[in-house]
There are 2 protein chains.
Amino acid sequence: MRGPMHENGGMPASDAVEQPEQPWSRRRLRSTNERLLLDRLRGLGTASRAQLARETGLSKPTVSSALASLAAAGLVHEVGTHAPERGRTAVLYAPDPAAGYALGVDIGRGWLRVALAGLDGRLVARSDVRNRARASAALTDLIVTTARQVMANSGVDPAEVAHGVIGTPGVYDEERRRVRYAMHLPGWGRAGLVDRIRAELGVPLEVHNDANLAALGEYAFGVGAGSRLFAYIMIGTGLGMGIVSEGRLFTGARGLAGEIGFLPWHGRRKPERLEDAVSGVAVVEAAREFGMRGQLTAKAVFDAARQGHPDAVRAVELEGERIAHTVAAAAAVLDPELVVLGGGVGHSVDLLLRPVREHVRALTPLRPRIAPSRLGEDAVLLGAVAVALDTARDLVFERRTAGI
Amino acid sequence: MRGPMHENGGMPASDAVEQPEQPWSRRRLRSTNERLLLDRLRGLGTASRAQLARETGLSKPTVSSALASLAAAGLVHEVGTHAPERGRTAVLYAPDPAAGYALGVDIGRGWLRVALAGLDGRLVARSDVRNRARASAALTDLIVTTARQVMANSGVDPAEVAHGVIGTPGVYDEERRRVRYAMHLPGWGRAGLVDRIRAELGVPLEVHNDANLAALGEYAFGVGAGSRLFAYIMIGTGLGMGIVSEGRLFTGARGLAGEIGFLPWHGRRKPERLEDAVSGVAVVEAAREFGMRGQLTAKAVFDAARQGHPDAVRAVELEGERIAHTVAAAAAVLDPELVVLGGGVGHSVDLLLRPVREHVRALTPLRPRIAPSRLGEDAVLLGAVAVALDTARDLVFERRTAGI
DNA sequence: CCGATAAAGTTAAGGAGCCTTACTAGGGCC
DNA sequence: GGCCCTAGTAAGGCTCCTTAACTTTATCGG
């Protein structure tokens with residue numbers, strides 16, 4: 001099973017919590033307006049001061065002075081000029097992507113992926129290495145060396161990395177300082193590992209559940225972009241769902257939202273856990289039951305189905321029905337406008353899409369759009385980067401404007 | 001079935017939408033601070049200016065001047081004095097509950113309930129009348145006369161009622177200006193009825209789904225008070241769920257979240273809709289199937305079970321199992337910390353609680369607290385009042401501070 | 001009864017930050 | 001070159017917050 005995201009995972013000191021109960025002094029006002037300008041500039045990519053004044057509703061002098069502060073803080077740069085139809089040429093500004101960096105890490109069973117992004121969200125370096133670690137020390141070492149290498153490759157000092165996010169199966173237990181329910185990663189459940197990585201890298205780190213990060217990845221960069229509410233169903237070794245509502249993770253009261261492995265499910269013989277029914281192992285089991293022989297893997301079954309092998313086709317059909325059950329339950333409770341299918345079965349979503357859609361139609365009148373993941377294997381990594389970016393932008397803004 | 005809440009139901013002009021993208025000018029700053037003070041005052045009930053200064057972090061002069069503005073606007077009053085241990089006696093201020101009023105209406109199949117509350121949330125008048133209307137005209141007339149009577153009883157002019165909320169089964173379709181899916185209320189689905197009521201009463205009105213309002217009612221006044229995330233399951237003529245997350249309704253992408261009537265459910269003979277399996281009718285059916293005879297109602301079955309009638313007990317047990325299925329599904333998807341059972345079966349929750357809890361325990365390791373509704377039959381009405389209050393407070397604040 | 005102390009609240013001075021108005025700067029078109 | 005148009009700057013004013021000192025009013029202890 002994919003565990004939930006732990007809110008404010010392993011995040012250290014600088015919390016950047018909103019405090020809406022605080023009074024609004026003039027300093028806060030200025031900082032709010034500077035932030036507004038910076039955000040607008042990020043959205044536009046590049047803009048002149050006059051344009052920003054029009055867009056934000058602030059007066060030109062205010063924009064000029066606020067932008068001067070931002071430039072002095074190193075958050076913004078002149079990047080060129082633009083000649084309008086007629087009139088004076090404008091000086092263009094853009095956020096400085098090198099004002100800080102965000103680190104994303106995806107710890108998967110087969111692969112370890114690390115990426116570094118500038119504040120504009122663009123990756124500046126990335127490394128994917130096979131995860132063959134079978135013990136906690138080996139895994140942490142691998143993470144540390146890979147992350148260091150990524151930073152070195154891009155010439156970024158660790159001190160410039162404002163924030164990092166690690167994606168992993170399971171849940172990070174803040175109190176016990178360890179990851180729980182990550183049964184597929186040997187040794188990864190030991191206490192203090194994240195603290196050790198944080199200490200060795202010198203980068204603030206948060207830990208989140210991989211299904212949740214994948215959902216956020218699809219929201220930030222993929223097929224869920226801009227969706228009001230969507231669910232990402234991750235089918236692979238386990239089964240998990242990430243929910244993104246209004247651009248933010250919906251984690252539930254204790255961070256266990258999306259634990260659809262626990263959905264009640266009536267198997268054909270006896271009630272069983274849904275997680276055991278969906279997921280890679282179940283496909284193999286079903287195929288075997290329908291008569292397939294030999295050394296089977298989920299991938300092999302899907303490949304056979306693609307070739308038209310009848311037993312494999314039936315197994316895939318059954319898998320589609322089971323996923324449809326999940327989708328229908330999520331639809332009835334959440335009413336998402338979109339359900340994204342991804343995870344280990346990513347390569348085989350083409351085969352599953354039709355049966356899932358058909359069975360959903362039969363199960364419920366609620367019909368969210370069902371789409372395959374766009375980011376595929378990169379969803380978790382890019383989600384980690386997106387979350388790290390969010391925090392990094394806040395931190396860099398606060399750090400750089402505080403000293404003025 | 002209970003339909004969903006339609007966001008911004010029948011609400012007219014004054015929308016009070018947040019516009020976080022707007023710049024922060026000085027006027028906004030002042031108004032924000034006044035609002036902060038008013039909210040704090042509502043929380044404290046009563047406070048001196050020095051106390052407010054300490055609590056909010058604002059300086060004493062600022063508090064004095066802002067409070068003077070609020071008093072001039074009629075939003076706040078001196079209400080007495082307080083003598084501290086030693087030192088000058090403080091002048092106490094409190095929000096004026098009569099600065100505006102909020103109206104709540106619950107249109108149920110058996111009863112029509114109307115309540116009027118001051119801005120402090122206290123009911124100033126209330127009326128419950130039997131709903132025997134069997135046509136749209138009769139129903140709207142009944143609503144209008146009852147509401148007028150409630151206002152008259154408390155001596156409140158309709159112009160002082162800043163906002164009203166109507167709770168009803170079904171969904172209000174904003175475009176077609178009619179309620180949909182309210183099959184149990186004859187005539188109530190006709191177009192323009194809400195507009196007519198609004199026009200005749202002279203009060204801005206919103207329409208929301210009853211299950212959602214009941215959830216909010218339990219959050220504001222009942223057993224869900226202060227809960228981070230909880231679900232209210234309304235079991236009666238139909239089946240519905242309201243979800244309150246961080247104090248706000250979770251409505252889903254199209255307002256259909258909580259439509260648990262559509263949960264896939266394997267009946268004992270054939271797949272059927274869950275709504276048909278849970279709900280009053282189903283209890284009766286089950287009892288009959290188990291051998292009970294005679295003119296049965298849900299209430300009769302529950303009463304018989306309370307007496308120990310074995311067939312009735314079995315029927316109740318089955319009903320509990322079905323509800324547990326719903327709870328388990330909600331728990332897996334949402335992870336609420338609390339599930340409240342209410343609705344028409346309110347009187348019989350005592351009988352259901354044990355079987356529901358037991359079956360949930362058997363179905364899933366996720367175990368939200370399960371509690372009976374505290375507000376009972378009043379949940380929808382009080383939820384309507386709570387929602388109306390929220391909007392009314394905003395409207396009154398804006399209206400009264402605008403003119404200065 | 002009188003001063004010391006303490007808390008509530010007011011007054012006055014100062015300053016931060018925004019806006020408006022009016023200006024300068026620079027580019028193309030007639 | 002004059003005109004028009006857009007970008008950007010300068011000066012002045014306004015709002016509203018804060019700090020600091022002061023007044024008012026209460027209790028306490030002698």
Side-chain angles (χ1 to χ4, degrees), chain A residues 21-38 40-41 44 46-73 76-94 401-402 404, chain B residues 22-38 40-41 44 46-73 76 78-94 401-402 404:
Chain A
E21 296 281 340
Q22 271 201 344
W24 289 88
S25 62
R26 278 152 284 115
R27 201 169 307 159
R28 231 175 167 63
L29 192 151
R30 175 53 173 268
S31 129
T32 313
N33 277 337
E34 283 181 11
R35 212 169 192 125
L36 173 71
L37 284 168
L38 186 54
R40 213 43 90 85
L41 212 45
L44 295 167
T46 210
S48 72
R49 280 168 284 190
Q51 191 182 347
L52 282 170
R54 282 191 301 269
E55 296 246 352
T56 60
L58 292 164
S59 68
K60 287 197 288 177
T62 301
V63 170
S64 278
S65 107
L67 224 52
S69 300
L70 288 173
V76 142
H77 273 161
E78 293 188 18
V79 291
T81 57
H82 166 75
E85 290 286 299
R86 45 203 187 151
R88 178 175 169 178
T89 53
V91 177
L92 295 180
Y93 285 78
T401 53
I404 296 184
Chain B
Q22 271 201 345
W24 289 88
S25 63
R26 280 152 288 120
R27 201 169 307 158
R28 234 175 166 63
L29 192 153
R30 176 54 173 270
S31 125
T32 312
N33 277 336
E34 284 182 11
R35 212 170 193 126
L36 173 70
L37 283 169
L38 186 54
R40 212 42 90 87
L41 211 44
L44 295 167
T46 209
S48 72
R49 281 168 284 188
Q51 191 181 349
L52 283 170
R54 282 192 301 268
E55 295 247 353
T56 60
L58 291 164
S59 68
K60 288 198 286 178
T62 301
V63 171
S64 278
S65 104
L67 223 51
S69 299
L70 288 173
V76 141
E78 293 188 16
V79 290
T81 57
H82 166 75
E85 291 286 299
R86 47 198 190 154
R88 178 173 172 179
T89 54
V91 178
L92 295 181
Y93 285 78
T401 51
I404 296 184

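Chain A is the first sequence line, chain B the second, and so forth, proteins listed ahead of strands; every chain is numbered from 1. As the structure is a prediction and not an experimental result, all values here were calculated from the model.
- One finds a side-chain N or O of Ser64(A) lying less than 4.0 angstrom from the OP1 or OP2 phosphate oxygen of dT9(D).
- Between the Thr32(A) side chain and the Arg28(A) main chain, a donor and an acceptor come within less than 3.5 Å of each other.
- The nearest whole Å value for the distance from the CG atom in Leu29(B) to the P atom in dC14(D) is 19 Å.
- Rounded to an integer number of Å, the gap from CD of Glu85(B) to P of dT5(C) is 18 Å.
- Judged by closest nucleotide on DNA chain C, Ser65(A) is the one of Ser65(A) and Ala83(A) placed further toward the 5' end.
- Within 3.5 Å, a donor on the side chain of Arg88(A) pairs with an acceptor on the base of dA7(D), or the reverse.
- For the OP1/OP2 pair of dA8(C) and a distance below 4.0 Å, the side-chain nitrogens and oxygens of Arg54(B) include at least one atom meeting the criterion.
- Protein atom NZ of Lys60(A) is 19 Å distant from nucleotide atom P of dG12(D), rounded to whole Å.
- Residues Ala90(B) and Pro84(B) come closest through the heavy atom pair N-CD, 4.4 Å.
- Regarding contacts with the backbone of dT9(D), a side-chain N or O of Arg49(A) is found under 4.0 angstrom from either OP1 or OP2.
- Looking at His82(B) and Ser48(B), their side chains never come closer than 4.5 Å, going by heavy atoms from C-beta outward.
- Among the protein residues, Ser48(B) comes within range of the sugar-phosphate backbone only, with heavy atoms under 4.0 Å from sugar or phosphate atoms but none that close to a base.
- Atoms CG (Leu52(B)) and C1' (dA8(C)) sit 13 Å apart, rounded to a whole Å.
- When the C1' atom of dC18(C) is taken as reference, atom CG of Asn33(A) falls 9 Å away, rounded to whole Å.
- With rounding to whole Å, His82(B) atom NE2 is found 18 Å from dT25(D) atom P.
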- Given Ser65(B) and Arg30(B), is the side-chain hydrogen bond (donor to acceptor under 3.5 Å, both in side chains) satisfied, shown in steps? CA-CA 10 Å; Ser65(B) 104; Arg30(B) 176 54 173 270; 2.8 Å; yes
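- Within the nucleic acid shown, Thr89(A) comes within 4.0 Å of sugar-phosphate atoms alone, with no base atom in reach, counting heavy atoms only.
- Of the residues near DNA chain C, Val91(B) and Gly87(A), the one whose nearest nucleotide (by heavy atom distance) lies more toward the 5' end is Val91(B).
- Whole-Å rounding puts the Leu67(B) CG to dA8(C) P distance at 14 Å.
- Here the side chains of Leu52(B) and Leu58(B) are not in contact, with every heavy-atom distance at 4.5 Å or above.
- Taking atom CG on Leu36(B) and atom P on dC17(D), their separation rounds to 11 Å, with Å as the unit.
- Ser59(B) comes within 4.0 angstrom of a base, heavy atoms only.
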